[in-house]
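Notes to accompany the following structure.
Keep in mind that this is a model prediction, so the values were computed, not measured.
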Amino acid sequence: MEDKKILIVCLFFIFSLQMFSSPWSSVYFKTQKGEAPPFVYIPVNFDKEDNFSVEVSPLAALTNINYQVPHGWWKVADASTPLYLYEELPHFLTIKLSFQNSFSKLHVELPLRKSLTAFFTWPDTTMNFLPEYPYISMDMNFPRNSYLYFNFKDNFLMIGRTKLKWGYWDYPVSISDYAPYFDNITYIFKSGNWFSYTYHLIWLDPILTQEEYKIQSEVTPVNSDPLSPYYDRSKVMVAHRLDFLVFPNFRFSIGEMNMIGGKNPDLFTISPVNVWHNNYTESFTNSIGILQLSWTPVNGLNFYFDFALDDYAVPLTEPSDVKPTAHGLSAGIIKTFSTKFANFMLTLNYSETTKWMYNTFLPYLKYDARIRFISNFPVSARTMVSFPIGFKYGSDSSLISFDVRFFNKYMNGDLKFLKLEKGKTTILTAYKSDVPDDTVAYCGLSFSL
């Protein structure tokens, strides 16, 4: 059946004063020097002194947002809807506290912004003020970024709430920074400059709707063990990876993610040195393998490749009722150069995910991070938003994007063009249900300064 494609042009401009260095400036400098940038990004603050700061972003957005947040008591929303705007726009005001000694640091951020429902009712600004009584709105779901870390020689240990990201490009298909945060314990071990090992233990909110919990407690997937189903209120993801800097300009990594749900984790499922896929615990785990490559053949030019394999169905050895082939990939080219005005970084990227990537039979084994948003005005709501842990737009998607970024000591700028083709399947779609192959095409243009 032919896909029916509808073209929707989305145009929005975002203006905000950002008094901090660009998060991608390190990628620029590595590429300019002919080096391969590192893969693992954890947004921690390594400043060597205690500090207190307040950041203000009185952002005004010219948009044509027409979206109603699912509201009521514990309604579920998919983050691939316009909800993504709420997370991508900067907070109106952020208070930061940092305390540090010779090898450890405590960092706490308290962001102030509109509540979720208030933002989509009055989306013209991120400021907390409203045009009607009570004239102010406050998102009480904080902190978003708070942690304690220990950093000594070639060992790094962190516990807290942060974003995590595998890949320096915008659209990783493994762990992305699209979710607002992960409650995690992270350990990184380095051996010289050529090898590093990273391990994440991530607790995810196990809240489900009644319908989802019924599936979790009653459905027995194919190849399950005799004791299934498992339905403890538990959802934990672990991930580990080996990074090799073969040459200063060539880096590759192999890794694995393992979702554990319906059963409290044990050393069998979270051991940092196991190959989790080989445990074959189909009843309460779901593993994804990762391969990432980065090559900078000449100064100022970088190629990257990111591949995630959930499952590969072999017709001759596997029955037809097991999981179908599911994978995702992201690949691109980065070109950097410098002018008298600013440093520039151009990125051409292609990403895609298959129809059932990140999805599976049981709710607790899906690769989503469920975040609770509490709102009291203009309506009382408890909204559960499912953020894809990998590719920003979830499963059944393909994306072509072109970015022009520039920065100097006074400002950062980002001009982005993209074309997204999104199918009907999302992380909330019932697994292996009969979903039409129709797609919708979105063309987007954004500019931030």
**Request:** State, without any angle test, whether S191 and D154 hold a side-chain donor-acceptor pair at a distance under 3.5 Å.
**Result:** no
**Request:** Examine Y364 together with Y230 and report whether their ring centres are nearer than 6.0 Å.
**Result:** no
**Message:** Students often mix this up, so state it plainly: with edges at 30° and 60°, are the rings of Y171 and F391 parallel, tilted or perpendicular?
**Reply:** perpendicular
**Message:** So if I apply the salt bridge (charged side-chain N to carboxylate O under 4.0 Å, His left out) rule between K355 and each of D437, D310, D434, D396, which one comes out positive?
**Reply:** D437
**Request:** Answer yes or no: is there an ion pair linking K263 with D232, defined by an N-O contact shorter than 4.0 Å?
**Result:** no
**Item:** Pair T336-N343, side-chain donor/acceptor within less than 3.5 Å
**Value:** no
**Message:** Please check: side-chain N/O of Y367 versus main-chain N/O of M257, any donor-acceptor pairing under 3.5 Å?
**Reply:** yes
**Asked** Just checking, is any N or O donor in the side chain of Y147 or T186 under 3.5 Å from an acceptor N or O on the other one?
**Response** no
**Request:** Supply the atom-to-atom distance I185 CD1 to Y187 OH, rounded to the nearest 0.5 angstrom.
**Result:** 13.5 Å
**Prompt:** More than 12 foreign heavy atoms under 6.0 Å from CZ of F247: is that the case here?
**Reply:** no
**Asked** Are any of the side-chain nitrogens in K366 or E212 under 4.0 Å away from the carboxylate oxygens of its partner?
**Response** no
**Message:** Looking at D266, I'd like to know if its CG atom is crowded, meaning that more than 12 non-hydrogen atoms belonging to other residues, nucleotides or ligands lie closer than 6.0 Å.
**Reply:** yes
**Message:** Students often mix this up, so state it plainly: with edges at 30° and 60°, are the rings of W276 and H240 parallel, tilted or perpendicular?
**Reply:** parallel
**Flag side-chain contact, heavy atom, 4.5 Å: I42 against I188** = yes
**Message:** Applying side chain to side chain donor-acceptor pair (under 3.5 Å), can you list everything that pairs with D177, at least two apart in sequence or on another chain?
**Reply:** none
**Prompt:** Taking the six-membered ring for Trp, are F387 and F182 ring centroids under 6.0 Å apart?
**Reply:** no
**Message:** Please report the interatomic distance OG(S446) to CG(L415), rounded to the nearest 0.5 Å.
**Reply:** 7.0 Å
**Prompt:** For atom NZ of K214, is the number of surrounding heavy atoms from other residues, nucleotides or ligands below 6.0 Å larger than 12?
**Reply:** no
**Prompt:** Looking at OG of S386 and CZ of R370, how far apart are the two atoms once the value is rounded to the nearest 0.5 Å?
**Reply:** 3.5 Å
**Request:** May I ask you to test the L362-P221 pair for a side-chain heavy-atom distance under 4.5 Å?
**Result:** yes
**Item:** Within 6.0 Å of OH in Y231, more than 12 heavy atoms from elsewhere
**Value:** no
**Message:** Whether the side chain of S397 engages the backbone of Y393 through a donor-acceptor N/O pair (distance < 3.5 Å, no angle test) should be reported.
**Reply:** yes
**Asked** Can you find a side-chain donor-acceptor pair between D225 and T281 that sits under 3.5 Å?
**Response** no
**Message:** If you count every heavy atom of other residues, nucleotides or ligands that lies below 6.0 Å from K416 atom NZ, does the total exceed 12?
**Reply:** yes
**Request:** Any chance you could measure R372, atom CZ, to T383, atom OG1, to the nearest 0.5 Å?
**Result:** 12.0 Å
**Asked** What distance separates K163 NZ from N184 CG, expressed to the nearest 0.5 Å?
**Response** 12.5 Å
**Message:** Going by side chain to side chain contact (heavy atoms under 4.5 Å, CB included), name the residues that satisfy it together with L348, two or more places apart in sequence or in a different chain.
**Reply:** F402
**Message:** Tell me if the centroids of the rings in F189 and Y197 come within less than 6.0 Å of each other.
**Reply:** no
**Request:** State which residue, out of L428, I215, V219, I427, fulfils the side chain to side chain contact (heavy atoms under 4.5 Å, CB included) condition with P363.
**Result:** I215
**Message:** Out of the candidates L301, L346, T347, only one should pair with I334 under the side chain to side chain contact (heavy atoms under 4.5 Å, CB included) rule; please name it.
**Reply:** T347
**Request:** If the plane angle is over 60° it's perpendicular, under 30° parallel, otherwise tilted; pick one for Y168 and F39.
**Result:** parallel
**Asked** Sequence neighbours excluded, which residues qualify as side chain to side chain donor-acceptor pair (under 3.5 Å) partners of T325?
**Response** none
**Message:** Within 45 degrees of the ring normal and closer than 6.0 Å to the centroid, is that where the cationic atom of R113 sits relative to F142?
**Reply:** no
**Request:** Indicate whether the side chain of D243 and that of S253 have a donor and an acceptor atom separated by less than 3.5 Å.
**Result:** yes
**Asked** Is a side-chain donor-acceptor pair under 3.5 Å present for K323 with N286?
**Response** yes
**Asked** Given the side-chain rings of W356 and Y431, with only the six-membered ring counted for Trp, is the space between their centroids under 6.0 Å?
**Response** yes
